[in-house]
Amino acid sequence: MRQKLQGGQFRWLNEQLYTTAGDNALSLMRKNPELYDKYHEGFREQTKGWPLKPVDMAVAWLKSRPPNWKVADLGCGDATLATAVPQNVHSFDLISTVPGVIACNMSNLPLQKETIDVAVFCLSLMGTDYGEFLEEAARVLTQTGWIWIAEVQSRFVDASGRSVLKEFIAAVTQLGFTLKKQDASNSHFLLLQFQGKKGRSPGPYLLQWPGLRACQYKKR
């Protein structure tokens with residue numbers, strides 16, 4: 001029974017975070033910080049059976065990259081990435097529950113422009129204004145910096161069953177990035193890697209971002 005109650009609360013929290021703007025999500029968590037831990041407890045329960053977790057793939061990718069890179073982990077959770085890779089990782093999320101995590105709205109990062117080599121979004125493009133997170137990532141990334149994304153594949157299919165993935169990729173490329181890798185081989189999530197082009201605009205941007213479906217988790 002306790003597990004069912006926890007699962008129900010997690011699904012409610014999940015819906016709130018996916019269907020509201022970043023400022024509202026930040027306000028919700030600041031007013032009720034205990035909800036953050038409950039969300040991540042539910043998330044770990046929901047994903048414990050996944051054969052491979054996105055954060056593990058992010059770790060493997062970063063270990064193959066220059067150790068002097070500066071990384072922004074956007075939606076870092078318990079900051080697993082920062083403890084597992086050789087690079088200097090700036091960890092951001094709605095609430096800080098472990099040392100080194102900075103609490104903020106990811107559309108307004110406390111970073112100077114063009115100071116980061118890679119922005120990691122590991123199942124963290126949540127909220128109706130997720131495009132602003134990517135635009136902010138473009139601001140803080142170096143000219144040829146990277147955007148590394150892992151997202152649940154079903155998020156890129158709208159209510160009518162139409163894929164919006166091409167529209168999503170097109171919007172990111174309008175930020176001045178080139179798609180370098182698209183990997184849908186995993187049964188649960190999609191990987192996308194973009195690299196910035198020299199001379200790209202630092203913004204501001206006036207882009208139309210496709211709506212992404214809220215991530216739906218099964219009842220347990």
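The figures here come from the full heavy-atom set of this structure, side chains too, leaving out hydrogens, waters and symmetry mates.
Of the candidates Ile116, Asp73, Val101, Leu74, Ile116 is the only one forming a side chain to side chain contact (heavy atoms under 4.5 Å, CB included) with His90. Exactly one residue among Asn105, Ile95, Thr20 makes a side chain to side chain contact (heavy atoms under 4.5 Å, CB included) with Leu26. That residue is Asn105. Phe189 pairs with exactly one of Arg155, Lys53, Met57 by the side chain to side chain contact (heavy atoms under 4.5 Å, CB included) rule, that one being Met57.
Summarising the local packing, CD of Glu34 is surrounded by more than 12 heavy atoms from other residues, nucleotides or ligands at distances under 6.0 Å.
Looking at Phe177 and Leu141, their side chains come closer than 4.5 Å, going by heavy atoms from C-beta outward. Leu28 is listed as a side-chain neighbour of Leu35, based on a closest heavy-atom distance under 4.5 Å. In this structure, Leu134 and Phe121 have side chains that are in contact, with non-hydrogen atoms separated by less than 4.5 Å. The closest side-chain heavy-atom distance from Ile102 to Ser91 is not below 4.5 Å. Within the 4.5 Å cutoff, side-chain heavy atoms of Leu17 are placed close to those of Leu94. Side chains of Val140 and Gln112 form no contact here, defined as non-hydrogen atoms less than 4.5 Å apart. Between Leu212 and Val164 there is a side-chain heavy-atom pair separated by less than 4.5 Å.
With salt bridges taken as basic N to acidic carboxylate O contacts below 4.0 Å, one links Glu167 and Arg162.
When every heavy atom of Trp148 is checked against every heavy atom of Pro54, the shortest pair comes out as CH2-O, 3.5 Å. Closest heavy-atom contact between Gly77 and Asp93: N-OD2, 2.7 Å. Nearest heavy-atom pair, Gly75 versus Ser124, reported as atom, atom and distance to 0.1 Å: CA-CB, 3.9 Å.
Hydrophobic clustering (side-chain heavy atoms under 4.5 Å, transitive across Ile, Leu, Val, Met, Phe, Trp, Tyr) groups Leu165 together with Leu175. Hydrophobic cluster membership is shared by Leu179 and Phe133, with clusters built from Ile, Leu, Val, Met, Phe, Trp and Tyr side chains linked at under 4.5 angstrom. Ile149 and Val118 are not part of a single hydrophobic cluster, where members link through side-chain heavy atoms under 4.5 Å apart. Follow the hydrophobic side-chain contacts under 4.5 Å out from Val85 and you reach Val71 in the same cluster. Using a 4.5 Å cut-off between side-chain heavy atoms of Ile, Leu, Val, Met, Phe, Trp and Tyr, with links allowed through other members, Met126 and Val172 fall into different hydrophobic clusters.
With hydrogens and angles ignored, the 3.5 Å screen pairs no side-chain donor or acceptor of Ser27 with any backbone N or O of Asn24. A donor-acceptor distance shorter than 3.5 angstrom exists from the side chain of Gln87 to the backbone of Pro66, with no hydrogens or angles considered. Proximity of a side-chain donor or acceptor of Gln143 to a complementary backbone N or O of Arg200 within less than 3.5 Å is detected. Counting only distance, with no hydrogens or angles, the side chain of Gln193 and the backbone of Gln182 share no donor-acceptor pair below 3.5 Å. Judged by distance alone, the side chain of Gln153 and the main-chain N or O of Asn186 form a donor-acceptor pair under 3.5 Å. At least one donor-acceptor pair closer than 3.5 Å links the side chain of Gln195 to the backbone N or O of Thr144. One N or O on the side chain of Asp117 and one on the backbone of Lys70 form a donor-acceptor pair closer than 3.5 Å. Judged by distance alone, the side chain of Asp129 and the main-chain N or O of Ala21 form no donor-acceptor pair under 3.5 Å.
Note: Met106 CE to Glu132 CD = 11.5 Å, rounded to the nearest 0.5 Å. Taken to the nearest 0.5 Å, the CG atom of Leu62 stands 5.5 Å off from the CG atom of Leu81. With rounding to the nearest 0.5 Å, the separation of CG in Leu109 from SG in Cys104 is 5.0 Å.
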Practice problem: Show your reasoning for whether side-chain contact (heavy atoms from CB on, under 4.5 Å) applies to Leu111 and Phe92. | Solution: CA-CA 11 Å; Leu111 294 170; Phe92 301 96; 3.8 Å; yes
Quiz item: Under the side-chain contact (heavy atoms from CB on, under 4.5 Å) criterion, do Leu191 and Trp61 qualify, and how do the steps go?
Solution: CA-CA 11 Å; Leu191 290 181; Trp61 185 75; over 6 Å; no
Exercise. Could you go through the ring pair (Phe, Tyr, Trp, His ring centres under 6.0 Å) check for Phe156 and Phe168 one step at a time?
Key: CA-CA 8 Å; Phe156 298 98; Phe168 176 83; 5.2 Å; yes
Practice problem: I would like to know whether Val152 and Leu123 meet side-chain contact (heavy atoms from CB on, under 4.5 Å); could you show each step before the answer? | Solution: CA-CA 7 Å; Val152 174; Leu123 305 181; 4.1 Å; yes
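Note that Arg65 lies in the cation-pi zone of Trp146, set by a 6.0 Å cut-off to the ring centre and a 45° limit from the axis.
The distance between the ring centers of Tyr130 and Trp209 falls below 6.0 angstrom.
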